[in-house]
Amino acid sequence: MMNDNSNFIKTIMKNELENGVVDHILTRFPPEPNAYLHIGHARAIIMNFELAKCFNGATNLRFDDTNPSKEDTEYVDAIKKDIAWLGYEPKAINYGSNYFDATYEKALLLIKKNLAYVDDLDQETLAKYRGSINEPGIPSPYRNRTIEENLKLFEEMRMGKYANGEKTLRAKIDMSSPNINLRDPVIYRIMHITHHQTKDKWCIYPMYDFAHPLQDAFEGITHSLCSIEFEDHRPLYEWVINNCEVEAKPRQIEWGRLGITHMIMSKRYLKQLVDEHYVTGYDDPRMPTLVGLRRRGFTPNAIKNFILSTGLSKINSTVDYGMLEHFLREDLKLTTTRPMAILNPLKVVITNYPSDRIEYVDAVNNMENESLGTHKMAFGREIYIEQEDFCEVKPNKHWKRLAKDVEVRLMHAYFIKCNEVIKDENGNIIEIHCTYDPKTKSGSGFNERKPNGTIHYVEATTALKARFNLFEPLIMDEKVSTQNFKERLNPNSWQTCEGFVEAVLKDTKPMDKYQFIRNGYYTTDYQAKGDKLVFNRIVGLKSSFTA
RNA sequence: AGGGCUAUAGCCAAGCGGUAAGGCAACGGACUUUGACUCCGUCAUUCGAUAGUUCGAAUCUAUCUAGCCCUACCA
């Protein structure tokens, strides 16, 4: 699966394996269960699993649940489903909270080694003592408490003697470090709150910087991959690993974040869109969430190929949205059937075709994948074509569609020629009259003359009414800014068309995927109801044509 | 008293001292019962800038510039 493009993490793993630094690879995907996964998370999932797979290694899923005030089991379940949808199976599914006892023991160990102390400073004062990027911090007056006193106070914290925020446990490192993460970071805080996994067992919870390296070590993770903003935390990660007397020595490696043009990807903003009803939910087809993309019709393969093709580096990159669409088209191209749909109908009467007759022509489902077979398609006296496929006067020699006195091929059926244009009193075209040539039936081998072009159609009396949702990405600005992002949402992100599809689609199943001739790739909406079939556009076709 | 990271085409990205892969986009052309698809062609004399080392530098050194991250009891 992993493409030939090497990447720096793969190289590191390969070298460590060859030099005996490690004898296997075990990675982990560690989401905090406080949001739905989006395509940015997909990169972390795919890279962790694929990198491990390159070396016959494995990947754990571990819910990073050290802050119960933000988390919920709703997200735990959603995350598990998304990972399964992408096609990955974790070696183990763990919770950070599984390790609360062991983590607590390590905190005790640090206190006994005089490397941690209980601090009484309130949040505001503590921030002041920490200093700033331009000035060193100063030690807390509580920094030199005795080991016995610290042990007693920490035990009292655990027993619930103190209120939220009244005391913290801090690592004793270096208040004057230029790296602010090393200025005696808080490693345990008091939080009287019920945890979704451990319920009321604890009222103190470890901080990410303390818990994460320990959890990695407890699980025997060899490579702990994370995004670049944690680079400054690596010295702290290593401090914890080196001072807590753990057997495994996991290594943290950072990569750059992935952005996509036209897509907003911050958890916080996605939540606002849902909470303020700008979208119908996390699974709104315009959302960059995995559930949203799945409903829109994206395939796991398309997402996987997209992620792997963008490679991996330490650059925070912004990939063009067109790249995502490309990999989606490529994946759908060979797997979708190609029935006809008319989004904006124009009625055509074939005046020399009997009114009491319907015939069925053979239509190939996918000319690039013959294994998908053929289906029967109705043809009769009255049909619908796209409004944009007719122009009263052929505008130029490049026009390959229908016009008055011009002959075109109806795909899979006959040549037709337009003889008459019917207009209402305002001059709007309401229908056109054509004649067909029986000798030109598709498959007959007729080649006495070339049509002007080929267009698609549906037979009017058998066609099914349909609604087409034409989704666009939620954000259309060149560069998505987090400033005023709601005002910059694309107002045309969800347009609809009322048209027709072939009768053959009446047996369509929710989430079936089609390529409608010239109209792009669509999927049936799983919420379709009533007398109309509802189709969501997944992605359009590439087209440079302008009339 | 600041620290850390990054820089190769419009967007991604290989390259690790031997003379700039590939993909997306774009643009030409061929083909076509989808203006799709497919196929062919074009698209960096130069790698953020400037010096230096070297027979040879995107790769090594120095200086500079630009961008991102760090002052949560979030992750």
Side-chain angles (χ1 to χ4, degrees), chain A residues 3-7 11 30-32 34 64-67 69-71 119 121-123 126-128 130-137 164-170 176-183 185-191 204-205 207-209 211-212 226-235 254 256-258 260-261 267 306 309-327 329-330 333-334 338 340 363-364 366-368 398-401 408-413 415 442-443 451 453-456 515-520 540-546:
Chain A
N3 60 15
D4 290 338
N5 272 7
S6 62
N7 68 58
T11 306
E32 183 182 23
N34 69 348
D64 210 337
D65 56 352
T66 55
N67 186 353
S69 70
K70 289 185 166 186
E71 299 151 5
D119 200 339
L121 253 32
D122 64 54
Q123 194 162 356
L126 192 150
K128 269 183 201 147
R130 186 157 32 225
S132 75
I133 55 174
N134 293 315
E135 55 198 348
N164 291 352
E166 202 175 329
K167 285 185 171 26
T168 57
L169 184 70
R170 291 228 262 167
S176 62
S177 171
N179 182 346
I180 294 172
N181 294 303
L182 262 19
R183 314 233 270 228
V186 171
I187 59 174
Y188 260 93
R189 80 288 219 179
I190 299 169
M191 214 186 285
I204 56 172
Y205 294 96
M207 301 292 290
Y208 166 89
D209 280 319
H212 204 92
C226 62
S227 50
I228 194 88
E229 68 265 30
F230 289 102
E231 203 157 29
D232 289 340
H233 295 242
R234 191 169 64 229
E254 310 83 17
R257 294 179 73 91
L258 173 71
I260 300 175
T261 57
K267 278 181 191 177
F306 167 75
S309 82
T310 60
L312 199 54
S313 68
K314 293 185 81 166
I315 302 176
N316 286 329
S317 56
T318 305
V319 180
D320 199 295
Y321 181 77
M323 187 99 120
L324 223 199
E325 291 195 321
H326 165 81
F327 283 100
R329 283 193 205 97
E330 192 168 85
K333 192 164 65 191
L334 293 175
R338 300 178 181 179
M340 310 273 190
V364 181
N366 184 327
M367 284 185 231
E368 288 148 68
H398 303 296
W399 179 255
K400 292 177 70 175
R401 310 182 188 188
V408 296
R409 183 198 301 276
L410 291 177
M411 198 177 181
H412 302 315
F415 289 11
S442 282
T454 302
I455 64 171
H456 60 284
Q515 184 196 136
F516 290 135
I517 302 298
R518 205 179 309 111
N519 286 313
L541 299 176
K542 285 207 286 189
S543 173
S544 57
F545 172 76
T546 44

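These numbers come from a predicted model, not from an experiment. In what follows, chains are A, B, ... by sequence order, proteins preceding strands, each numbered from 1.
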Who pairs with A:S442 by side-chain contact (heavy atoms from CB on, under 4.5 Å), at least two apart in sequence or on another chain?
->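 Residues passing side-chain contact (heavy atoms from CB on, under 4.5 Å) with A:S442: A:R409.
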
Of all residues at least two apart in sequence or in a different chain, which pass the side-chain contact (heavy atoms from CB on, under 4.5 Å) check with A:I180?
->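 Checked A:I180 against side-chain contact (heavy atoms from CB on, under 4.5 Å); matches are A:R130, A:I133, A:R183.
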
Please tabulate the protein-to-nucleotide N/O contacts below 3.5 Å involving nucleotides 29-32 of chain B, giving atom names and distances.
unit_1	atom_1	unit_2	atom_2	d
B:rU32	O4	A:K400	NZ	3.2

ring-ring contact (aromatic ring centres under 6.0 Å, His included) with A:F327: which residues, sequence neighbours excluded?
->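 Not a single residue meets the ring-ring contact (aromatic ring centres under 6.0 Å, His included) criterion with A:F327.
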
Under the ring-ring contact (aromatic ring centres under 6.0 Å, His included) rule, collect the residues that match up with A:H212, sequence neighbours excluded.
->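 Testing A:H212 for ring-ring contact (aromatic ring centres under 6.0 Å, His included), a comparison that skips the adjacent residues, returns A:Y208.
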
Pairs under 3.5 Å (Watson-Crick or G-U), crossing ones as [ ], inter-strand ones as |: RNA chain B comes out as .(((((((.[[[..)..(...]]].(((((.......))))).....[[[[[..)....]]]]])))))).....

Pairwise N/O distances under 3.5 Å, protein to nucleotides 70-72 of chain B:
unit_1	atom_1	unit_2	atom_2	d
B:rA72	O5'	A:R130	NH2	3.4

Distance between C1' atoms of B:rU8 and B:rU46 (Å, rounded) |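 So the two C1' atoms sit 9 Å from each other.
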
With a non-hydrogen cut-off below 4.0 angstrom, is A:S317 in contact with a base, only sugar-phosphate, or nothing?
->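 Contact class for A:S317: sugar-phosphate only.
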
Contacts of type side chain to side chain donor-acceptor pair (under 3.5 Å), residue [X], not counting sequence neighbours:
X      : answer
A:E32  : A:N34
A:E229 : A:S227, A:R257
A:K314 : A:E231
A:S176 : A:D174

Can you give me the N/O atom pairs linking the protein to nucleotides 38-41 of chain B at distances under 3.5 Å, or say none if there are none?
unit_1	atom_1	unit_2	atom_2	d
B:rU38	OP1	A:K333	NZ	2.9

Cationic N near anionic O, under 4.0 Å, A:R234 to A:E254 |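 So A:R234 pairs with A:E254 through a salt bridge.
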
